[in-house]
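Read the structure below first, then the notes.
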Amino acid sequence: MAKMNFGGVEENVVTREEFPLEHARDVLKDETIAIIGYGVQGPGQALNLRDNGFNVIIGQRSPSKSYDKAIEDGFVPGETLFSIEEAAEKGTIIQYLLSDAAQIEMWPTLKKYLTPGKALYFSHGFAVTYKERTNIIPPDDIDVILAAPKGSGTSLRRLFLAGKGLNSSFAIHQDATGKARDRVIAMGIGIGSGYLFETDFKKEVFSDLTGERGTLMGAIQGIFAAQYDLLRSRGHSPSEAFNETVEEATESLYPLVAENGMDWMYANCSTTAQRGALDWWKKFRDATKPVFEDLYDSVASGNEAQLSIDSNSKEDYRVKLEEELKELRESEMWTTGRTVRSLRPSND
Ligand SMILES: NC(=O)c1ccc[n+]([C@@H]2O[C@H](COP(=O)([O-])OP(=O)(O)OC[C@H]3O[C@@H](n4cnc5c(N)ncnc54)[C@H](O)[C@@H]3O)[C@@H](O)[C@H]2O)c1
Ligand SMILES: CC(C)(O)[C@@H](O)C(=O)O
Ligand SMILES: [Mg+2]
Ligand SMILES: [Mg+2]
């Protein structure tokens, strides 16, 4: 494990150079990896593991769209594609990749197959951290490990196919066999991580829930909407408002920020932009900080987890979700976005 200096703080990271794929294959050569759930993370992790030469089977309820997708992806019923129960029985490492709410529902079933020496693998600290709310308490005689890609399952697969990798965090909650560390790092490399950084289950779920509600999606959608609506209310056209709020950010500036950092971006724009962006960033930081404090408190108290569990378990969950997604999809901003994307010269 390499110690790396991150802005003056030393952390443990594992790279593919020090834990090569061949070593990961060797560590897991006698294991059957059973992936329970074939939604978003399931396919990304399953296909990367399979392409990397690991012994992978899928457990997915049927009939379902996800079951059909597993077949389309080359998993064969009765050979590498099974019911959740059958896969859980055959697996020695069980990747629990149902939605966090479905994990609660299936737990009484899955628990029966967690015999001594097996490993239970999560991609989120949710189930274990909020155990009072999920009732997911693994038996003492199994390993409980986590590898959490820091991105969508779609990105995990795309980056793998592009010969790159997505970074993931890893954590060990229980090491019953003495092999948990090797097992989790080998799994992290197997699913296509570029490198792995160490965390624990609680820190993973607290940061993940904060990030997705914050700057990854919730806060950014909120700030986009606020600026777009303001420009529209002051007489700007949809094209102008969208280009100045979203398109320039995602197409032009964010790729440069990704390559070089915001410090470089600040140093490489007009002096006019530079002056204004230097003057305004702290106002935005100070205005949003209290909202982030509320958000983190809501995550740490378990309130966010409960909201998600409650909404997911309602009868009309899908109908209500569709209504909320429709509001976003049919908003002027994202309708304009579809037109703007259709005009991108890169479409030609
Ligand atoms: N979506 C992501 O990109 C992402 C990224 C990092 C971590 N994670 C974590 O990975 C795990 C899996 O998330 P996901 O987004 O891939 O899940 P998902 O919402 O796509 O669902 C996964 C599977 O659960 C099955 N399922 C749903 N309800 C069920 C039920 N009642 N009984 C049986 N099966 C049911 C679905 O058929 C689907 O195959 C979660 O812990 C999540 O937090 C997800
Ligand atoms: C892809 C995300 C947002 O990073 C993940 O955390 C999720 O829950 O889907
Ligand atoms: Mg998440
Ligand atoms: Mg995440």
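Atoms within each ligand, like the ligands themselves, are counted from 1 in listed order. The analysis underlying the following values was restricted to heavy atoms, covering all of them including side chains, and did not include hydrogens, waters or symmetry mates.
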- Message: Using a 6.0 Å distance limit plus a 45 degree cone around the ring axis, check whether Lys118 lies over the aromatic ring of Tyr113.
- Response: no
- Query: Counting each atom of ligand 2 from 1 as listed, which ones have a heavy atom of Gly151 under 4.0 Å away?
  - Reply: 1 (C)
- Message: Students often mix this up, so state it plainly: with edges at 30° and 60°, are the rings of Phe284 and Trp280 parallel, tilted or perpendicular?
- Response: tilted
- Note on the structure: ligand 2 atoms nearer than 4.0 angstrom to some heavy atom of Glu212 are 3 (C), 5 (C), 6 (O), 7 (C), 8 (O)
- Query: Tyr296 vs Phe206 aromatic rings, parallel, tilted or perpendicular, using cut-offs 30° and 60°?
  - Reply: perpendicular
- Judged by non-hydrogen atoms, does Asp208 sit under 4.0 Å from ligand 2? yes
- Query: Phe242 ring centre to Arg232 NZ or CZ under 6.0 Å, with the angle to the axis within 45°?
  - Reply: no
- Item | Numbered atoms of ligand 2 (with element) below 4.0 Å of Ser152, judged on heavy atoms | 1 (C)
- Ser83 and Glu86: side chain donor to acceptor below 3.5 Å: yes
- Query: Which atom, among the N/O/S set of Asp208, is closest to the Mg ion (ligand 4)?
  - Reply: OD1
- Message: Is atom 9 (O) of ligand 2 touching the protein, meaning some protein heavy atom lies under 4.0 Å away?
- Response: no
- Query: With respect to the Mg ion (ligand 3), what is the nearest N, O or S atom of Glu212?
  - Reply: OE1
- Note on the structure: Smallest heavy-atom separation, Gly91 atom then Ala34 atom, equals CA-CB, 3.7 Å
